[in-house]
Every structure is written in structure tokens, then in C-alpha cells.
Enquirer: 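One structure follows; several queries about it will come next.
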Amino acid sequence: MKTQMATPTGPLAGTRDPGSDSLARTVQRRDFFKSLAAALGTPIVFSDRLPPSDFPAALAQEAARLVGVPDSKRQLTILSDRPLNAETPAHLLDDDITPNHLHFVRNNGHIPERAFRRDHTGWQLQIDGEIQRPRNWSLEALKREFEQQEAQITIECAGNGRAGYHPNVSGNQWTLGAVGCARYRGTRLADVLNASGTKDSAVYIGYYGEDPHLSRNPKRDSISRGVPIEKALDPHTLLAWEMNGQPLPAEHGFPLRLICPGWPGSTCGKWLRRIWVRARVHDGTKMTGSSYHVPKYPVAPGATVPNEDMEIITLMPVKSLITRPKTGITTAVDQPLKIRGKAWSGTGRVQRVDVTFDFGSTWQTTNLAEAPNRYAWQHWTVRLKFPKRGYYEVWARATDDQGRAQPMIVPGWNPKGYLNNAMHRVAVRAS
Ligand SMILES: Nc1nc2c(c(=O)[nH]1)N[C@H]1C(S)=C(S)[C@@H](COP(=O)(O)O)O[C@H]1N2
Ligand SMILES: [Mo]
């Protein structure tokens with residue numbers, strides 16, 4: 001028997017630990033899925049027939065082992081396998097640069113065949129719409145004709161923390177780990193757009209990816225979002241072909257993706273095939289209705305909000321994670337314990353991070369490292385000494401360069417459960 005310590009209250013207090021199940025139960029489940037898979041035919045067929053929404057997370061994890069989850073992503077918590085959605089436990093986000101195998105994955109459709117084959121023969125990026133010189137670009141042309149850029153960029157899904165909202169909202173129940181910070185190499189979207197001659201009528205861009213819709217209906221897009229032309233022309237906005245020195249992995253958008261730093265992860269189109277420069281706000285799949293929209297004014301939990309009272313999310317809020325210690329550890333009283341983590345903001349810069357172990361009565365300032373470049377998350381450390389034995393909660397609060405700090409509790413409820421930047425909390429027992 002493993003003794004389990006109480007974790008802080010609130011649904012976001014700890015990270016789920018899929019490894020805490022007893023071996024016996026795991027084996028039982030595996031046998032169960034094997035026989036079920038055998039009864040239905042191939043494991044692939046099996047996965048296709050059970051809607052992911054009917055899948056408890058633990059079972060999804062098990063099923064994922066039998067079907068298409070890439071080996072590289074097995075340390076992540078699988079929320080669904082088709083489409084693949086997986087988040088990273090907080091203690092595995094301790095690296096300054098998130099390695100590819102630890103970066104969360106958020107897919108709306110299927111991963112395109114080409115990405116698995118890692119073959120960009122015949123692939124081209126089409127740029128059209130409100131531009132003077134519509135043209136298709138091969139990967140070689142992009143690499144050859146434009147100045148190359150490299151930067152560490154934090155990408156966070158706007159739905160990260162959704163599991164914390166009450167009443168519950170539908171969608172992937174992300175807890176803490178739909179965020180990562182990798183090093184990307186590519187070229188400025190602005191350079192490519194300027195080479196295409198952007199017209200005065202251009203107000204927005206919309207991206208299209210090669211990822212087939214879940215229904216496999218070629219007429220439907222999995223997702224097609226975008227950003228205002230000003231953000232597209234911002235020098236930090238990239239077309240990236242490399243992630244941590246490797247060609248983009250299959251799950252992360254091979255051969256080319258958009259990176260719109262500080263904006264919802266959903267603006268960072270993967271498996272790009274087209275960028276459409278528009279004379280109006282882009283109206284592709286998941287651009288309209290309540291998708292990636294929040295109410296224009298604060299609403300009561302559970303409220304119904306008419307679409308005309310919703311607005312598109314722009315900048316992501318300030319946020320932080322405690323990556324050491326893992327929640328639930330025991331430490332010696334009077335021995336300084338090293339606490340560390342990461343902090344980031346949609347503004348691209350964090351000013352300070354403070355921690356408390358007495359529910360916010362007193363705060364201690366942490367050592368916050370400079371970012372290697374704007375929009376990279378920042379590492380912070382602090383040593384805490386717990387004055388007497390007992391149960392503590394360590395909370396971390398980041399403040400960005402505009403003076404905005406993280407709320408202590410889950411912020412304004414919204415119908416789709418976006419932008420939860422409540423402080424992360426871990427439990428520590430001092431004995
Ligand atoms: N073509 C395409 N681009 C996409 C998506 C997708 O499903 N298809 N998901 C978006 C969402 S919602 C997020 S949060 C990020 C996730 O990027 P990652 O999987 O590399 O972490 O990709 C975005 N780009
Ligand atoms: Mo997302």
C-alpha cells in the first residue's frame with residue numbers, strides 16, 4: 001500500500017499521478033482492453049468506436065498505449081487519444097527549454113500522414129488573399145529567401161486550467177500542463193507577408209492546416225484560426241520549421257507551423273498549408289461563436305452569454321508553475337527546502353514571482369531569472385524554511401511587466417472555461 005498524503009483543496013491543487021495505481025489494477029485493465037480489442041477487431045478499430053468523451057481519463061491512458069500515442073509522449077497525461085490531447089505533469093516542466101517529448105499536445109483532428117512520414121516532398125505554403133503577389137512557397141524557398149530566426153517561446157492552450165471551473169464546462173479537462181516552452185527556428189511571418197505585398201485592405205490572417213477533420217470529411221477543417229494583421233506583422237510572430245533543433249515532430253506540425261507568442265496556443269497553426277490574408281476578421285472553424293471567446297463583461301458562474309456579448313481572446317494572462325517539489329513531499333523541519341518553477345505572461349515579460357506557505361499572510365520574493373528572449377518563460381527559485389512540523393501549502397504568484405498578478409482563486413467563470421490563471425499550489429509536509 002502506498003500511503004497518500006492529502007493534497008491541497010481545489011481541483012487544480014495537484015497533478016494527477018497516473019503512476020499511483022497499483023500494478024494489479026493496471027494489469028487487469030490491460031487484460032480487459034486486450035480482450036475487448038480482440039473482440040472488436042484491431043486496436044485501431046476499437047479506438048475509433050469509443051468516443052473519447054465517454055472515456056474516463058485513466059482508461060484513455062491505457063487505451064492510448066494500445067493505439068496510436070507516440071512512444072515519445074508516454075510521460076504525459078493523456079486526456080484523449082483521438083484526437084490526441086495530452087498534458088504534462090507540473091514536475092516534468094522543470095526544464096528551461098521543454099524537450100519535445102515533454103511538450104503538451106493539443107489536436108483537434110487527425111495528424112496528417114505526411115507528418116508521420118516526415119516527408120515534405122510536394123509540400124507548399126500558399127499565401128493568398130489581400131496581397132499583391134499570391135505565391136506558393138516550398139520549405140527550401142522559405143529557408144533560402146528569408147532571414148532565419150530562433151527564439152524560445154511559451155505556448156499555452158487557452159483552455160489550460162479548464163478543470164478548475166465550477167460549474168464544470170465541457171471540453172478537454174486540462175489541469176496545469178497545457179503549456180510548454182520550446183526553442184523554435186524559422187522565419188518572420190512579416191518578412192514573408194511583406195515579400196508578398198500586403199494590401200491596405202488586409203485586416204486579419206487565417207491559417208489552414210493539413211490535419212484531416214475527425215470525420216475524415218475533406219470539406220471540413222479541424223480548426224482554422226488567425227490573428228489581426230498587426231499581430232501577423234509583429235517581428236516576434238514566426239513561421240517555424242524546427243523545434244529544439246529537430247524538424248517539427250509529427251504531433252507539433254511538421255513541416256511548418258505558426259507561432260504567435262503571447263496569444264492562445266490555438267493561433268499557432270500546425271501543419272500549415274495556407275495563409276489567407278483577409279479583408280475582415282477571419283471566420284474559419286473555431287473563430288466564431290463562443291470558441292476562443294470570453295464574455296465582454298464579468299458573468300455569474302453558469303450564466304448563458306449571447307454570442308454578441310463575447311469577444312475573441314487576445315493576450316494570455318500572467319501565470320506560473322511550481323515544478324519542484326512535486327506536490328505531496330515530506331521535508332525536514334528547519335531544513336531550507338528549494339522551491340522552483342516557471343513564470344510567463346502574454347505580455348512576454350514577468351516582473352516578479354512571490355511565494356507563500358501560510359495561505360497568503362506573508363510572501364517571500366523569489367529569484368527570477370532573465371528570459372533569454374521576450375516570450376520565453378522565466379525560471380525562479382527560492383528557499384523556504386518551515387518553522388514547525390505540520391502541513392503546508394506553497395503557493396506561487398507571478399506579476400507581469402504591466403503589474404498584473406495571478407488571482408488566488410479561479411478567476412471569472414466563462415462559458416468555455418478559458419484563461420484560468422489561478423496560482424498553482426503544492427502540498428508539503430514538514431516533520
Ligand atoms: N492545424 C492545427 N493547428 C493547431 C491545432 C490543431 O488542432 N490543428 N491545435 C491548436 C491548439 S488549440 C493549440 S493549444 C496548439 C497546441 O500546440 P502543440 O500541440 O504543439 O502543443 O496548436 C494549435 N494549432
Ligand atoms: Mo488550445
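Every number for a ligand or one of its atoms is a count from 1 in the order of the listing.
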Enquirer: Which donor-acceptor pairs under 3.5 Å do side chains of residues 187-194 form with protein atoms, sequence neighbours excluded?
Expert:
unit_1, atom_1, unit_2, atom_2, d
Thr187, OG1, Glu147, O, 2.9
Arg188, NE, Pro235, O, 3.3
Asn194, ND2, Ala190, O, 3.1

Enquirer: Name the residues with a heavy atom less than 4.0 Å from ligand 1?
Expert: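 Residues near ligand 1: His103, Phe104, Val105, Arg106, Asn107, Asn108, Cys157, Tyr207, Asp211, Ile223, His252, Arg257, Gly265, Ser266, Cys268, Gly269, Lys270, Trp271, Tyr292.
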Enquirer: Give every residue pair that meets the side chain to side chain donor-acceptor pair (under 3.5 Å) criterion with at least one member in residues 251-266, sequence neighbours excluded.
Expert: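 Checked against side chain to side chain donor-acceptor pair (under 3.5 Å) - neighbours excluded - the pairs reaching residues 251-266 are Lys73-His252, Arg225-Ser266.
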Enquirer: Can you check whether Phe116 and His110 have ring centres sitting under 6.0 Å from each other?
Expert: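 Phe116 vs His110: aromatic centres not under 6.0 Å.
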Enquirer: I need the minimum non-hydrogen distance between Ile312 and Tyr204, along with the two atoms involved.
Expert: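 Looks like CD1-OH, 3.9 Å.
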Enquirer: Would you give me the side-chain donor-acceptor pairs under 3.5 Å for residues 242-249, sequence neighbours excluded?
Expert:
unit_1, atom_1, unit_2, atom_2, d
Asn244, OD1, Arg183, N, 2.9
Asn244, ND2, Thr98, O, 2.8
Asn244, ND2, Asn100, OD1, 2.8

Enquirer: Is Asp234 salt-bridged to Arg374, cutoff N-O under 4.0 Å?
Expert: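 No salt bridge links Asp234 with Arg374.
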